[in-house]
There are 2 protein chains.
Amino acid sequence: MLAAAVRLFNTHGYDATSMFDIAESLGITKSALYHHVSGKEQLLTMAVDRALGGLEEAAAEVRATAAPAAARLEDLIRRSVLVLAGRLEFVTLLLRVHGNTEAELHALARRREFDRSVTDLVREAQSEGGVRADVDPAVAARLLFGMVNSLVEWYRPDRGAPETIAAMVTTLAFDGLRTR
Amino acid sequence: MLAAAVRLFNTHGYDATSMFDIAESLGITKSALYHHVSGKEQLLTMAVDRALGGLEEAAAEVRATAAPAAARLEDLIRRSVLVLAGRLEFVTLLLRVHGNTEAELHALARRREFDRSVTDLVREAQSEGGVRADVDPAVAARLLFGMVNSLVEWYRPDRGAPETIAAMVTTLAFDGLRTR
DNA sequence: TTATTTACCAACCGCACGGTCAGTATTTCA
DNA sequence: TGAAATACTGACCGTGCGGTTGGTAAATAA
């Protein structure tokens with residue numbers, strides 16, 4: 001049910017998807033839908049929770065390791081790509097949320113907290129000498145996750161295994177495109 | 001007027017912005033608004049046109065130069081960042097379009113054409129030996145522009161001059177984060 | 001001055017949406 | 001068997017939306 005709703009939200013947009021559309025795609029009536037969920041916003045909340053949960057779990061696991069910061073950053077990027085690929089539809093919805101309601105603002109706050117932890121990791125890696133110091137850590141973090149997050153716009157299983165994509169992302173992030 | 005509409009579309013979402021909201025933000029009535037534009041969709045069309053126009057112009061200018069493909073790719077990335085920074089609100093709207101109407105589908109087609117030209121450029125650079133050959137050109141193109149397009153989510157003039165950001169993007173894209 | 005175009009307004013229309021409600025099948029379990 | 005909980009239905013409600021209409025005020029130009 002959540003899956004059906006999220007699929008429609010992603011295809012036609014959250015606002016453009018009516019509760020009737022969701023019910024119809026499940027072969028039930030709108031009233032039956034309201035018997036199971038409190039409203040449209042709850043579906044959104046459940047979906048972005050699943051996305052944020054995966055990302056936060058990845059960050060926590062990485063924080064628990066004792067490797068150098070640069071290696072932890074690489075690991076976080078890798079794990080994030082795997083979360084994105086595994087929970088693609090939920091993360092897609094999360095990344096399109098823009099803070100119109102209370103619930104969306106809360107999701108946005110959690111996203112910002114995640115972003116902040118990435119920035120911190122970049123800064124730490126710079127001070128350890130593992131990452132070049134001539135880039136602003138906040139900008140670098142945002143560009144890095146701009147790359148990762150772009151998966152929601154184009155990734156499909158037939159374009160490569162998640163691990164393959166993750167390897168490409170970390171290669172590009174740490175070594176760049178130039179031949180050497 | 002277009003600027004006011006686009007600002008509201010980006011803040012609250014296209015669907016969530018009513019023609020009344022736009023009129024109110026301009027201090028006129030809804031009817032006055034309809035005197036100048038044919039409808040809500042025309043505002044969208046005009047906005048995405050301005051975004052796509054900038055990107056296509058950049059691609060054409062780059063195509064007209066005779067440099068190696070790798071240098072042309074770097075130049076296209078640089079120019080694209082400048083277009084994004086300069087027309088931020090219009091590109092933001094463009095990147096959120098998802099093909100619900102005829103006009104949006106047309107915009108999406110133009111975007112895909114641009115993406116294809118980037119992929120071609122990556123492939124050409126690989127065959128010239130200017131870019132590492134162990135990455136899929138389509139994936140690399142998408143990751144590169146994932147990085148560039150992320151600007152619409154975070155860029156503001158006080159976070160750095162467009163040229164500074166552009167330099168960071170091309171550095172990250174070609175040389176990566178690792179110290180050497 | 002007068003005719004014409006341009007800019008604007010208030011009131012209105014039809015429609016689709018999120019959500020409710022009163023009631024009815026169906027399942028569960030003592 | 002029968003009571004209680006669960007799953008579901010169709011009709012309905014209020015609201016806000018995109019867009020229209022018939023008309024008025026102001027600018028423009030002959």
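So that the names make sense, note that chain A is the first sequence line, chain B the second, and so on, each numbered from 1.
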Nucleotide nearest B:Ser18 when distance is taken to its side chain, options D:dC17, C:dC9, D:dC8: D:dC17
Residue A:Lys40, side-chain heavy atoms: nucleotide from C:dA10, D:dG10, C:dG19 that is nearest: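 Ranking C:dA10, D:dG10, C:dG19 by closest atom to the A:Lys40 side chain puts C:dG19 first.
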Could you tell me the separation between the [atom1] atom of [X] and the [atom2] atom of [N], rounded to a whole number of Å?
X       : N      : atom1 : atom2 : answer
B:Phe20 : C:dA10 : CZ    : P     : 11 Å
B:His12 : D:dC17 : NE2   : P     : 12 Å
B:Tyr14 : D:dG18 : OH    : P     : 8 Å
A:His36 : D:dT9  : NE2   : C1'   : 12 Å
A:Leu26 : D:dT9  : CG    : P     : 11 Å
B:Asp15 : C:dG18 : CG    : C1'   : 15 Å
B:Met19 : D:dG19 : CE    : P     : 6 Å
A:Ile28 : D:dG10 : CD1   : C1'   : 14 Å

Donor-acceptor pair, side chain of B:Glu124 and main chain of B:Ala69, under 3.5 angstrom: no
N-O pairing of A:Asp175 and B:Arg178 below 4.0 Å: yes
Electrostatic pair B:Arg78:B:Asp75 at N-O distance under 4.0 angstrom: yes
Heavy-atom neighbours of B:His98 NE2 exceed 12 at 6.0 Å: yes
Closest-nucleotide ordering on DNA chain C, the 5'-leading residue of A:Tyr34 and B:His35: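 It is B:His35 whose nearest nucleotide is closer to the 5' end.
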Touch class at under 4.0 angstrom, heavy-atom based, for B:Ser31 against every strand present: base
Touch class at under 4.0 angstrom, heavy-atom based, for B:Ser38 against every strand present: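 Result for B:Ser38 = nothing.
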Closest approach of A:Ala103 to A:Thr45 (non-hydrogen atoms, all atoms of both residues):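 That closest heavy-atom pairing would be CB-OG1, 3.7 Å.
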Upstream residue (5' side of DNA chain D) when A:Lys30 and A:Leu33 are each assigned their closest nucleotide: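 Checking each residue's closest nucleotide, the 5'-ward one belongs to A:Leu33.
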